[in-house]
Protein chains: 2
Amino acid sequence: MSHLLRQHLSTITPFSDAEFDYVLSHFTPKKLKKHQFLVQEGNAVPNDHFVLKGLLKATHVSPDGKEHILQFAMEDWWITDYQAFHQQSAATINIDCIEATEVLSLSLYNREKLCSELHKIEHCFRVKTSAGYVALQRRILSLLDSNARERYEQFIQQYPTLTQRLPKTLIAAYLGVSRETLSRLYAL
Amino acid sequence: MSHLLRQHLSTITPFSDAEFDYVLSHFTPKKLKKHQFLVQEGNAVPNDHFVLKGLLKATHVSPDGKEHILQFAMEDWWITDYQAFHQQSAATINIDCIEATEVLSLSLYNREKLCSELHKIEHCFRVKTSAGYVALQRRILSLLDSNARERYEQFIQQYPTLTQRLPKTLIAAYLGVSRETLSRLYAL
DNA sequence: CCGCCGGTGTGATCTATATCACTTTTTATT
DNA sequence: AATAAAAAGTGATATAGATCACACCGGCGG
């Protein structure tokens with residue numbers, strides 16, 4: 001089986017062995033234990049991360065101490081604090097591991113370098129980002145349109161794998177519902 | 001004063017006169033009256049649109065008949081049903097003019113053509129989409145974290161111009177709050 | 001094998017916001 | 001200016017979902 005990152009990129013355009021090796025050389029592998037932080041509020045965010053294995057969550061703690069989940073990421077997904085990453089400022093969110101995790105990290109410098117050297121890879125990033133943009137729009141519409149139960153059902157539909165791997169408490173924090181309310185929804 | 005689109009693209013990379021003219025030749029201008037539709041639910045969505053003048057809203061009507069606003073767009077912003085546009089499927093939202101509007105329309109074909117011919121323009125689109133992605137993440141966080149009043153205050157901060165140009169009813173539909181509740185918030 | 005902790009369920013309340021119904025103000029249109 | 005249409009305010013009530021409090025279960029670390 002070929003490298004997961006190669007498979008990922010190949011869904012957009014094929015890469016030759018040489019091209020892929022060159023791309024890969026710009027990434028740094030990193031292993032993290034369960035509960036370990038990948039990004040911590042207040043710190044710099046030098047890298048974007050491609051998940052090879054494991055499961056993470058990006059969370060924001062509101063002034064009154066409640067944790068809301070901005071994003072999950074499992075195998076084949078990208079995750080970082082994009083706001084901080086792009087403007088090279090301090091993180092406003094935390095990212096930590098729900099399971100033991102392996103990622104490939106790509107610095108902003110290397111990412112821009114790759115994008116300017118290889119039109120193909122910039123194309124990949126544009127296509128992936130566009131898809132992400134659409135997914136976020138869908139989530140916003142779901143937050144505006146739908147009640148707790150409907151959002152939960154949509155989540156199960158859209159992310160069956162995550163539904164298996166995540167405790168309901170975290171799904172609730174992602175959907176913007178309290179743990180207790182989600183539990184009571186079980187009268188499906 | 002140079003062309004608004006040129007100014008827009010130049011915030012990312014400079015374009016020569018020849019380059020810009022070539023890019024511009026792929027767009028089609030369109031004028032719309034107040035209340036006219038740019039995209040209508042159920043129809044094909046051949047184009048993305050850059051706003052030269054005016055103000056539009058992208059809305060979704062929920063099963064129970066309530067109108068929620070996914071996005072506004074004014075001068076210098078892009079708007080379309082991106083989901084439908086990318087997968088060339090039928091629109092699931094409506095986009096209509098709040099004020100008389102002029103846009104430049106770019107077909108998916110021309111957009112991909114430009115992107116493959118001119119690395120520079122693909123770069124522009126990637127950067128703009130990334131910025132949009134971050135903005136949507138912020139909005140999601142605001143929907144998860146903040147109550148009606150806080151969301152309204154954030155909106156005023158972030159979009160002072162829109163706050164002037166829009167009736168409160170529409171701001172309410174964007175924030176996911178009822179018109180009446182927004183009105184009562186006025187005890188700021 | 002025990003104790004504890006993360007995850008879950010469930011009752012009793014509380015509250016922000018929705019809804020409905022109506023009035024007043026402002027803005028367009030002929 | 002006259003009339004209609006859109007926007008905004010406001011009271012009375014209803015409700016989805018939050019919060020608080022507690023009980024239960026199952027795994028795994030000493």
Side-chain angles (χ1 to χ4, degrees), chain A residues 33-36 55-57 59-69 72 94 96-100 140-156 162-188, chain B residues 32-36 54-57 59-69 72 96-101 140-156 162-188:
Chain A
K33 296 199 221 304
K34 194 170 168 174
H35 296 132
Q36 206 178 330
L55 181 55
L56 307 99
K57 65 183 204 288
T59 62
H60 182 259
V61 181
S62 60
D64 55 312
K66 263 168 293 175
E67 183 172 280
H68 296 283
I69 297 181
F72 294 113
N94 289 301
D96 68 270
C97 301
I98 298 168
E99 301 174 3
I140 287 172
L141 224 40
S142 160
L143 286 167
L144 294 177
D145 263 17
S146 309
N147 63 23
R149 177 193 247 101
E150 291 163 342
R151 296 209 296 280
Y152 184 47
E153 279 166 24
Q154 289 160 18
F155 184 88
I156 295 173
L162 285 182
T163 309
Q164 305 301 342
R165 284 166 81 173
L166 290 169
K168 302 220 173 54
T169 314
L170 295 182
I171 298 180
Y174 177 88
L175 295 176
V177 183
S178 76
R179 217 208 86 219
E180 294 93 332
T181 297
L182 191 76
S183 167
R184 284 188 252 262
L185 253 38
Y186 253 123
L188 271 180
Chain B
L32 298 131
K33 297 199 219 307
K34 193 170 171 175
H35 297 130
Q36 205 178 331
L55 182 54
L56 308 98
K57 64 183 205 288
T59 62
H60 181 258
V61 181
S62 60
D64 53 312
K66 263 170 292 174
E67 183 171 279
H68 296 284
I69 297 180
F72 294 113
D96 68 88
C97 301
I98 297 167
E99 300 175 1
T101 293
I140 286 173
L141 225 40
S142 160
L143 286 167
L144 293 178
D145 263 15
S146 310
N147 63 23
R149 177 191 248 103
E150 291 163 344
R151 295 209 297 280
Y152 184 48
E153 279 166 24
Q154 289 161 19
F155 184 88
I156 295 171
L162 285 182
T163 308
Q164 305 302 342
R165 284 167 81 174
L166 289 169
K168 301 217 175 56
T169 314
L170 294 183
I171 299 180
Y174 178 89
L175 295 175
V177 182
S178 76
R179 222 207 81 222
E180 293 93 331
T181 297
L182 191 77
S183 167
R184 284 188 253 260
L185 254 37
Y186 253 124
L188 268 180

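None of the values given here were measured: they were computed from a predicted structure. Lettering of chains follows the sequences in order, A, B, ..., and the numbering in each one begins at 1.
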inquiry  = So does A:Glu150 get a backbone contact from the side chain of A:Glu153, meaning a donor-acceptor N/O pair under 3.5 Å?
reply    =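 Answer holds: no.
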
With [X] via side-chain hydrogen bond (donor to acceptor under 3.5 Å, both in side chains) - residues at least two apart:
{"X": "A:Ser62", "answer": "A:Asp64"}
{"X": "B:Thr181", "answer": "B:Ser178"}
{"X": "A:Ser146", "answer": "A:Gln154"}
{"X": "A:Arg165", "answer": "A:Glu75, A:Glu99"}

Donor-acceptor contacts under 3.5 Å from residues 167-176 of chain A side chains, at least two apart:
unit_1: A:Lys168; atom_1: NZ; unit_2: A:Tyr186; atom_2: OH; d: 3.1

Starting at atom [atom1] of [X], determine the distance to atom [atom2] of [N], rounded to an integer number of angstrom.
{"X": "A:Glu67", "N": "C:dG6", "atom1": "CD", "atom2": "P", "result": "13 Å"}
{"X": "B:Ile98", "N": "D:dA6", "atom1": "CD1", "atom2": "C1'", "result": "14 Å"}
{"X": "A:Glu99", "N": "C:dG6", "atom1": "CD", "atom2": "C1'", "result": "15 Å"}

Distance (rounded to the nearest 0.5 Å) between [X] [atom1] and [Y] [atom2]:
{"X": "A:Asp145", "Y": "A:Leu141", "atom1": "CG", "atom2": "CG", "answer": "5.0 Å"}
{"X": "A:His68", "Y": "A:Thr59", "atom1": "NE2", "atom2": "OG1", "answer": "10.5 Å"}
{"X": "B:Tyr152", "Y": "B:Leu185", "atom1": "OH", "atom2": "CG", "answer": "8.0 Å"}
{"X": "A:Ile140", "Y": "B:His60", "atom1": "CD1", "atom2": "NE2", "answer": "14.0 Å"}

remark   = A correct 5'-to-3' footprint of nucleotides 23-30 of chain C, with B, S and - meaning base, sugar-phosphate only and no protein heavy atom under 4.0 Å, is --------

ask   = Can you give one letter per nucleotide of nucleotides 7-17 of chain C, going 5' to 3': B for a protein heavy atom under 4.0 Å from the base, S for sugar-phosphate only, - for none?
value = SBBBBB----S

task = Would you mind reading off the bend of the helix from C:dC1-D:dG30 to C:dT30-D:dA1 from its two end axes, five pairs each, to 10 degrees?
result =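 The angle separating the two end axes equals 50°.
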
request  = With sequence neighbours excluded, tell me which residues meet salt bridge (charged side-chain N to carboxylate O under 4.0 Å, His left out) with B:Lys34.
outcome  =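 Listed in chain order: nothing, the list is empty.
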
inquiry  = My understanding is that only residues two or more places apart in sequence, or in another chain, count here; which of them pass salt bridge (charged side-chain N to carboxylate O under 4.0 Å, His left out) with A:Asp96?
reply    =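 Per chain and number, A:Asp96 pairs via salt bridge (charged side-chain N to carboxylate O under 4.0 Å, His left out) with A:Lys57.
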
Pairs under 3.5 angstrom, nitrogen or oxygen only, protein versus nucleotides 27-30 of chain D, please.
none

inquiry  = Does C:dT19 have its OP1 or OP2 closer than 4.0 Å to a side-chain nitrogen or oxygen of B:Lys66?
reply    =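 So the side-chain polar atoms of B:Lys66 do come within 4.0 Å of the phosphate oxygens OP1 or OP2 of C:dT19, strictly under.
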
query = Are A:Phe72 and A:Leu56 side-chain neighbours, meaning at least one heavy-atom pair lies under 4.5 Å?
reply =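 No, too far: nothing below the 4.5 Å cut-off.
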
